[in-house]
Structure formats: structure tokens, C-alpha cells
Amino acid sequence: PTEVFPTVSFHHAYGIIFGLLLPLSRGIVSDATPFHGLDAWLARVEESTSLTWLVVTPALLRAWSEYEVYHPLNGKAVRILSAGAPLPAAVAKRVADSTGAEVYEIFGSSETGVAAYRRPLQTDEWKMFAPVHIELAGDVGMLVSSPAVPAGTKASLGDSAELLPDGRFRLLPR
């Protein structure tokens, strides 16, 4: 069995996608209790007896990485899914080292939907979800076509990237 513990509200695209809709589509239990602080949330997470996904923001991971008392999550199989802003590698490493969790990062926007993912402790390359397509367009940066973008159009993210031969990409500094 698997459980999902989101700290991200369901009114955010990735909160509803990864915290509610995806788990429900797979018959996975999602904890819908509103987030009211790290201690209460971690206590609920630690009570879980199954594989656990934590759907969080980089801001929460930053706070957690600076937390005085680390919770190693009792050696459970935990995966952390971060989205909403860039996740500093040092923060991902500190949380992963202290909890034993695997860290995943999501790339996208409200306009494009969830476009790509990576495991930041393993690579700086992003892999697009099917059927997302990304291309570069000079001054406007990355253009994305995805199921979230109206057919026949592309959304501009304004990010610069290096497209790799295998279809992955690396984000470049802004």
C-alpha cells in the first residue's frame, strides 16, 4: 500500500495533480488534512505504515532542512515530490541525508501543467512527461505544448534551456 501526504493545497495545480488526482486514479490514500505546521504533519507521516509520498514545496524543504530535530522517518520507504520553484541541491541533499528519502522535482506551471521531472541528487537533466513537447525560441525562451495548453498553441515559460539529443533538457540560469 501507498499513502500520499501533501502540504500543498489542492487549489495549486501540482497539489491537486500529485496530492489528490493521481493518488485517487491509482487507488492510493491521500491525507486531506490541512497542513498546520511541520511537527503535526511529521507526526502523521511517521504513523504511516506503507510507502509514503510527500508532496511539498521547496520552501517547506528549506525549513525542514534547517529544523533542529530531524525526523529520520523510521527507515520507511519515503519519496519526496517538490514543485513550485527551483529546489536548491543543498536542501535536497540535506533532507534526503537526514530522512533517507528519495527526492523528485517537478517542472511546469499553471499554464503548461506538469511538464517534466528529475531526481536532483542524481542529475540536472529534466525528462518530459508524454506527450509534452518543448522547443526553444530565442528571446521568449522555452515554448511548451502539452495537454494543458490549448491545441495548436504553445505556452512560453521564459526559461532558457539546453535541449539534449535524447529529448531531455537542462535549465540554464535566468
Side-chain angles (χ1 to χ4, degrees), residues 4-26 28 30 34-35 38 41 53-67 78-99 101-174:
V4 174
F5 289 86
T7 61
V8 180
S9 168
F10 294 153
H11 72 271
H12 291 289
Y14 59 92
I16 196 162
I17 291 168
F18 290 102
L20 183 63
L21 297 177
L22 184 59
L24 285 175
S25 74
R26 306 265 192 243
I28 296 171
S30 184
F35 179 78
L38 193 55
W41 182 73
W53 279 90
L54 309 179
V55 179
V56 299
T57 64
L60 181 121
L61 289 179
R62 255 186 243 94
W64 194 1
S65 75
E66 296 167 0
Y67 202 54
V78 175
R79 293 185 178 129
I80 295 174
L81 181 67
S82 174
L87 176 63
V91 170
K93 181 166 179 19
R94 191 161 173 197
V95 170
D97 287 350
S98 68
T99 63
E102 294 179 58
V103 179
Y104 294 79
E105 190 174 8
I106 294 298
F107 177 79
S109 69
S110 298
E111 295 78 23
T112 64
V114 178
Y117 70 95
R118 70 178 180 154
R119 294 180 67 184
L121 298 177
Q122 294 181 358
T123 184
D124 64 346
E125 298 175 4
W126 294 87
K127 182 175 181 181
M128 290 172 272
F129 287 103
V132 174
H133 178 73
I134 293 176
E135 60 187 72
L136 300 179
D139 292 346
V140 278
M142 296 173 70
L143 295 176
V144 178
S145 57
S146 74
V149 177
T153 65
K154 297 173 183 157
S156 173
L157 289 176
D159 292 299
S160 295
E162 171 191 4
L163 295 180
L164 303 172
D166 65 358
R168 294 174 188 250
F169 66 93
R170 281 190 191 99
L171 288 174
L172 301 174
R174 289 187 167 182

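As the structure is a prediction and not an experimental result, all values here were calculated from the model.
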**OP:** Would you sort out whether Val78 and Glu102 count as a side chain to side chain contact (heavy atoms under 4.5 Å, CB included), showing the intermediate values?
**Re:** CA-CA 7 Å; Val78 175; Glu102 294 179 58; over 6 Å; no
**OP:** Apply side chain to side chain contact (heavy atoms under 4.5 Å, CB included) to Trp53 and Ile28, showing your working.
**Re:** CA-CA 10 Å; Trp53 279 90; Ile28 296 171; 6.0 Å; no
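In plain terms, the two heavy atoms of Ser145 and Lys154 that are nearest each other are CB-CG, 4.2 Å. Scanning both residues, Ala155 and Thr112, for their nearest heavy atoms gives CB-CG2, 3.7 Å. Between Phe10 and Ile16, the closest heavy-atom pair is O-CB, 3.2 Å. Of all heavy-atom pairs between Glu105 and Trp126, the closest is O-CZ3, 3.4 Å. Scanning both residues, Val149 and Glu111, for their nearest heavy atoms gives CG2-O, 3.6 Å. Between Pro58 and Ala83 the shortest heavy-atom distance is CD-O, 3.3 Å.
In this structure, OG1 in Thr57 is found 8.0 Å from CZ in Arg62, a value given to the nearest 0.5 Å. Note that the CZ atom of Arg118 and the NZ atom of Lys127 stand 15.5 Å from one another [nearest 0.5 Å]. Interatomic distance, CG of Leu163 versus CZ of Arg170, reported as 11.0 Å (0.5 Å rounding). To the nearest 0.5 Å, atom CZ of residue Phe169 and atom CD1 of residue Ile134 are 4.0 Å apart. Between Ile17 atom CD1 and Leu81 atom CG the span is 10.5 Å, to the nearest 0.5 Å.
Checked against Val95 for a side chain to side chain contact (heavy atoms under 4.5 Å, CB included), the options Leu87, Leu54, Ile80, Leu121 give a single hit: Ile80. Results of the side chain to side chain contact (heavy atoms under 4.5 Å, CB included) test with Ser65 over Asp97, Val91, Thr99 single out Val91 as the only residue that passes.
In this structure, Pro120 and Val103 have side chains that are in contact, with non-hydrogen atoms separated by less than 4.5 Å. Using a 4.5 Å heavy-atom cutoff, the side chains of Arg79 and Tyr104 are in contact. Side-chain atoms of Phe35 and Val56, non-hydrogen and from C-beta on, never get closer than 4.5 Å to each other. The side-chain heavy atoms of Val144 and Met128, taken from C-beta on, include no pair separated by under 4.5 Å.
In this structure, Asp139 places its CG atom where only 12 or fewer heavy-atom neighbours from other residues, nucleotides or ligands lie under 6.0 Å away.
Ring to ring, Phe18 and Tyr117 are not that close: their centroids are 6.0 angstrom or more apart.
Side-chain atoms of Ser146 do not come within 3.5 Å of backbone N or O of Val132 as any donor-acceptor pair. The backbone N or O of Val140 lies less than 3.5 Å from a partner atom in the side chain of Ser156, making a donor-acceptor pair.
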